[in-house]
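The block underneath contains the structure these notes are about, expressed in structure tokens.
Bear in mind that the values here come from a model prediction, so they are computed numbers and not experimental data.
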Amino acid sequence: MTNFQKPGNPPGILQESGDPLRGSNPRYLSADSLQSLQLNPREIAASIEHLLLGQKRQQAWNAPKAVITPPDGRYMMATLAAADDPPFLAVKALVLNPDNPQHGLPSINSLVTLLDSRSGLPLAVIDGNWITAVRTAGLSAVAAKRLARPDASIAAFIGCGVQARSHLQALAALFPLTGVRAYARGPSRDSFCQTAENMSLTAIACQTAGEAIRGADLIVTSVTLSPQLAPFLDARWLKPGAFVTMTDLAAPWLRESMSALDRIIVDDLEQESRMPKPLVDPALVRGDLAGLVTGEALGRQSTGERTAFVFRGLALGDLAVAGLAYQRACEQLPDFPVE
């Protein structure tokens, strides 16, 4: 990774040639600007893996997320991560409000601020919705590389919104996908199927979640969280050898069915230990994402294992994507605007 430092600058102090200290004028990266950078799933996964390895070497740090859950169903969350290589600190603040779509707004809105991790100077303000979508798929990709069968060809999506689309792009880059099965309770299903067909994949719009999951090699669940959500997915539907990534805190999955999974990995064991309610029974968990990357946690051990990645979201993932986007913007968009 390039740190964009001029020779002679203190470590972590970023400058452009001939420009005053970049940190004195924090920049704004909109969703459109981020999309124009064309970061691909493989380099996003590599950036996340780099920071997970850095964490092992005490060169990157990840704080457990802070969460507020007001009684009206909103979900508020903040994450913090920092690294020495590259020298960035990222803070993300996010609000999920199930009522937002009634007002024409996305259910989730968020913002990432990026600082120089040595000086503390602000570098950029970044659209958090784009970062969240891309980093969540990136985390799933890092897990899937180690937990899914390499010949996985059929992917099922329960929930067909932003996360489904970002995961489709990531999984298609890593696996020889030929077909997609989609289930959603709203109108997003047919649009998602059209996106898959535009990628030369066979797409089937399913009438039930079970129809989509049974027989699939890869399963992505991204069901919108709400106080009214009742679990309706059964892990016993998974075929031998299937891998499922649960981006929705495993909330739509029947807890009594989770023992059907042979190997469950969470994103961060320390973070999970501090949460008032575990994602799954801790006795079923075999390790976390950092352990998978470093080899301390075992990945898939047989072709018939049913494996799962269950996660809340990892601040290092936000940092990995935000830092990568900022570096790429410095290369490709040297005049991206001051906000």
Side-chain angles (χ1 to χ4, degrees), residues 1-2 29 31-54 81 86 90 92 112 126-157 159-180 182 192 195-201 203 216-222 243-248 265 267 289-290 292-293 299-300 307-309 311 313-329 331-332:
M1 292 188 178
T2 305
L29 277 172
D32 288 342
S33 297
L34 291 161
Q35 192 65 33
S36 74
L37 299 176
Q38 297 184 326
L39 303 180
N40 68 64
R42 291 185 181 277
E43 63 185 336
I44 289 165
S47 182
I48 294 171
E49 291 166 344
H50 172 78
L51 288 187
L52 289 170
L53 291 170
K92 183 176 78 173
V112 174
I126 305 173
D127 181 89
N129 288 15
W130 190 93
I131 294 293
T132 299
V134 170
R135 79 90 160 103
T136 305
L139 293 171
S140 292
V142 171
K145 286 167 62 176
R146 296 159 173 87
L147 292 172
R149 289 178 50 147
D151 60 351
S153 61
I154 302 297
F157 295 83
C160 296
V162 172
Q163 284 299 338
R165 292 173 183 272
S166 62
H167 276 73
L168 177 59
Q169 296 292 331
L171 295 177
L174 296 175
F175 297 94
L177 293 189
T178 59
V180 163
F192 178 76
T195 297
E197 289 176 349
N198 292 342
M199 297 170 62
S200 300
L201 300 171
D217 304 306
L218 306 167
I219 299 92
V220 178
T221 67
S222 55
F243 163 74
V244 56
T245 181
M246 305 176 186
T247 77
D248 41 28
I265 298 293
D267 47 355
L289 195 61
L292 272 185
V293 172
R300 173 175 291 276
T307 60
F309 180 47
F311 61 118
L314 191 64
L316 276 179
D318 294 316
L319 174 62
V321 177
L324 180 64
Y326 175 77
Q327 290 177 315
R328 187 63 53 82
E331 294 174 338
Q332 296 184 7

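- Judged by distance alone, with hydrogens and angles left aside, the side-chain atoms of Ser153 form no donor-acceptor pair with the main-chain N or O of Leu177 at under 3.5 Å.
- In plain terms, the two heavy atoms of Arg42 and Ala173 that are nearest each other are NH2-O, 2.8 Å.
- The local environment of CD in Gln35 is sparse, with at most 12 non-hydrogen atoms from other residues, nucleotides or ligands closer than 6.0 Å.
- Although no hydrogens or angles enter the test, the distance criterion places no donor-acceptor pair under 3.5 Å between the side chain of Ser47 and the main chain of Leu324.
- With sequence neighbours excluded, no residue forms a salt bridge (Lys or Arg N to Asp or Glu O under 4.0 Å) with Arg300.
- Shortest non-hydrogen contact noted between Leu292 and Ala143 is CD1-CA, 4.3 Å.
- Leu319 contributes atom CG, which lies 11.5 Å from atom CZ of Arg135 (distance to the nearest 0.5 angstrom).
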Does the side-chain contact (heavy atoms from CB on, under 4.5 Å) test come out yes or no for Val220 and Gln163, once each step is laid out? CA-CA 9 Å; Val220 178; Gln163 284 299 338; 5.9 Å; no
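- When the salt bridge (Lys or Arg N to Asp or Glu O under 4.0 Å) test is applied to Glu43, the partners found at least two apart in sequence or on another chain are Arg328.
- Ala81 and Leu316 make their closest contact through CB-N, 3.8 Å (heavy atoms, listed as atom of the first residue, atom of the second, distance).
- A search for side chain to side chain contact (heavy atoms under 4.5 Å, CB included) contacts involving Leu53 returns Arg57, Val293, Thr294, not counting sequence neighbours.
- A donor-acceptor contact shorter than 3.5 Å links the side chain of Ser166 to the backbone of Ala133.
- Rounded to the nearest 0.5 angstrom, Ile131 CD1 and Leu34 CG are separated by 5.5 Å.
- For Gln169, there are no side-chain hydrogen bond (donor to acceptor under 3.5 Å, both in side chains) partners, not counting sequence neighbours.
- The line from CD1 of Ile265 to CG of Asp267 is 11.0 Å long, rounded to the nearest 0.5 Å.
- Between Ser140 and Thr247, the shortest heavy-atom distance links the atoms OG-CG2, 4.4 Å.
- Under the salt bridge (Lys or Arg N to Asp or Glu O under 4.0 Å) criterion, Arg165 pairs with no residue, sequence neighbours left out.
- With hydrogens and angles ignored, the 3.5 Å screen pairs no side-chain donor or acceptor of Ser33 with any backbone N or O of Leu29.
- For Asp32, there are no salt bridge (Lys or Arg N to Asp or Glu O under 4.0 Å) partners two or more places apart in sequence or in a different chain.
- Taken from CG in Leu39 to CH2 in Trp130, the straight-line distance is 4.5 Å, to the nearest 0.5 Å.
- Nearest heavy-atom pair, Ile48 versus Gly317, reported as atom, atom and distance to 0.1 Å: CG1-CA, 4.3 Å.
- For the pair Ala144 and Phe175, the tightest heavy-atom approach, listed with the atom from each and the gap, is O-CZ, 3.6 Å.
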